[in-house]
Amino acid sequence: MCTHLYFLNIGGICSTKITSYKNKKGKTRYKLHVFLGYDPTTGKKYETTRQGFTSRTEAKNKASKLQISFSSGKLVKKSAAIKTFQELFDLWFESYRQSTATDCWWLYKRYIKPRFGKNKRTLLSKIC
């Protein structure tokens, strides 16, 4: 049985939906879905989900902390922090498997970096 509990911010910008669910062990847990507002850099909706709370109060407190973090600018998606193609490549390269990384690095250094290295990421979306 799922029960829903909604909280709306006074300004109507932030809203929280708290839902109960049963975990694998049969214990009641709570999850929340928070709409925090719009991302100032992209203009897209900024929403997040958290789960595993043992009480509604714990979930509500977490939602409040998320809203405060977002409004103060501390809660930023990683993609918003990436400004150039070089930064995007560096982030991807760190997570890529080492076995093929050497080949990719050579190709990047030889062909891609001279062409796109200092371009803004928004320019790349226009090219593609």
Side-chain angles (χ1 to χ4, degrees):
M1 179 178 154
C2 290
T3 58
H4 302 286
L5 185 62
Y6 292 89
F7 298 98
L8 292 174
N9 192 4
I10 295 172
I13 296 173
C14 301
S15 66
T16 303
K17 176 182 171 184
I18 297 177
T19 308
S20 65
Y21 68 95
K22 299 277 185 184
N23 66 3
K24 290 181 181 180
K25 294 181 180 180
K27 295 184 179 181
T28 301
R29 295 288 184 248
Y30 298 90
K31 68 178 178 179
L32 62 91
H33 180 83
V34 184
F35 169 74
L36 297 168
Y38 293 93
D39 189 342
T41 56
T42 62
K44 294 182 179 181
K45 289 182 181 180
Y46 194 94
E47 299 174 296
T48 188
T49 304
R50 302 286 194 274
Q51 66 182 27
F53 301 104
T54 55
S55 67
R56 285 187 193 277
T57 306
E58 187 181 354
K60 187 176 177 183
N61 290 341
K62 182 63 176 179
S64 297
K65 288 179 183 178
L66 288 169
Q67 290 172 352
I68 291 167
S69 295
F70 181 77
S71 62
S72 66
K74 293 179 183 176
L75 192 63
V76 178
K77 290 187 177 181
K78 289 181 182 178
S79 63
I82 299 170
K83 295 185 174 117
T84 64
F85 187 80
Q86 179 68 47
E87 292 172 356
L88 178 65
F89 179 80
D90 291 339
L91 183 65
W92 170 81
F93 192 73
E94 289 173 18
S95 64
Y96 200 68
R97 294 180 55 201
Q98 191 63 33
S99 62
T100 55
T102 306
D103 294 336
C104 289
W105 176 250
W106 181 83
L107 290 170
Y108 173 74
K109 189 176 175 183
R110 171 99 173 149
Y111 297 106
I112 299 171
K113 186 177 179 182
R115 175 79 171 107
F116 297 109
K118 293 182 182 178
N119 288 338
K120 300 272 184 194
R121 211 172 44 133
T122 53
L123 178 66
L124 294 175
S125 63
K126 293 176 185 176
I127 294 171
C128 298

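- Expressed to the nearest 0.5 Å, how far CD1 of I18 lies from OH of Y30 amounts to 9.5 Å.
- With rounding to the nearest 0.5 angstrom, the NZ atom of K31 is 12.5 Å from the CG atom of N23.
- The main-chain N or O of G52 is found under 3.5 Å from a side-chain atom of Y21 such that the two form a donor-acceptor pair.
- Every side-chain hydrogen bond (donor to acceptor under 3.5 Å, both in side chains) that E58 has, sequence neighbours left out, goes to T54.
- With rounding to the nearest 0.5 Å, the separation of OG in S55 from CZ in R29 is 10.0 Å.
- Put simply, the side chain of I112 reaches to within 4.5 Å of the side chain of F85, judged on heavy atoms.
- Every side-chain hydrogen bond (donor to acceptor under 3.5 Å, both in side chains) that T28 has, sequence neighbours left out, goes to K22.
- Proximity of E47 to V34: side-chain heavy atoms (C-beta onward) are nowhere separated by under 4.5 Å.
- The minimum heavy-atom distance linking P114 with K109 is given by the pair CD-O, 3.5 Å.
- Side-chain atoms of Y108 and Q86, non-hydrogen and from C-beta on, do get closer than 4.5 Å to each other.
- Considering only residues two or more places apart in sequence or on other chains, L107 meets the side chain to side chain contact (heavy atoms under 4.5 Å, CB included) condition with Y111.
- To the nearest 0.5 Å, atoms OG (S20) and CZ (R56) are separated by 5.5 Å.
- K65 pairs by the side chain to side chain contact (heavy atoms under 4.5 Å, CB included) definition with nothing, not counting sequence neighbours.
- In terms of the ring-ring contact (aromatic ring centres under 6.0 Å, His included) criterion, F53 has no residue partners (sequence neighbours excluded).
- Side-chain contact check for L32 versus L66: some heavy-atom pair is nearer than 4.5 Å.
- Every residue two or more places apart in sequence or in another chain was checked for a side chain to side chain contact (heavy atoms under 4.5 Å, CB included) with K24, and none qualifies.
- Taking the side chain as every heavy atom from C-beta outward, H33 and T16 never approach each other to under 4.5 Å.
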